[in-house]
Amino acid sequence: MREHESVKTLSELFNVASSCYYEFKQRKPDANCIRLASQIEELLNMSRPSAGSRALVSMLTAEGIKIGRYTVRQIMREAGSKRTYLVNTSWSGLY
């Protein structure tokens with residue numbers, strides 16, 4: 001497939017009305033998602049960006065927000081949030 005296919009071609013290919021594409025394109029961001037993204041970003045900064053989606057779900061649940069792990073992952077991905085990994089190089093292991 002070419003990089004830029006026409007809306008008509010893609011809508012026929014996926015059996016979706018082209019009006020759905022244009023409606024989606026004009027859709028405004030949901031206020032609830034924006035609020036959740038800012039809370040997730042705040043919690044991520046408090047945890048020295050090492051918390052993953054499971055830890056963030058636990059933190060949000062403690063604050064009374066019921067949300068799933070995959071929703072948190074999607075919000076993190078859309079917001080461009082990155083985790084940092086701490087590597088312990090002093091442990092030589094048994095190898």
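Everything quoted here is computed from the prediction, not taken from an experiment.
Atom CG of L36 sits about 5.0 Å away from atom CG of N32, to the nearest 0.5 Å.
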For residues 58-78, please give each side-chain donor-acceptor pair under 3.5 Å, one per line with the distance, not counting sequence neighbours.
| from | atom 1 | to | atom 2 | distance (Å) |
| --- | --- | --- | --- | --- |
| S58 | OG | R54 | O | 3.2 |
| T61 | OG1 | V57 | O | 2.7 |
| Q74 | NE2 | E78 | OE2 | 3.1 |

Which side-chain N or O atoms in residues 8-29 pair as donor and acceptor under 3.5 Å with protein atoms at least two apart or in another chain?
| from | atom 1 | to | atom 2 | distance (Å) |
| --- | --- | --- | --- | --- |
| T9 | OG1 | S6 | OG | 2.6 |
| S11 | OG | V7 | O | 3.0 |
| S11 | OG | K8 | O | 2.9 |

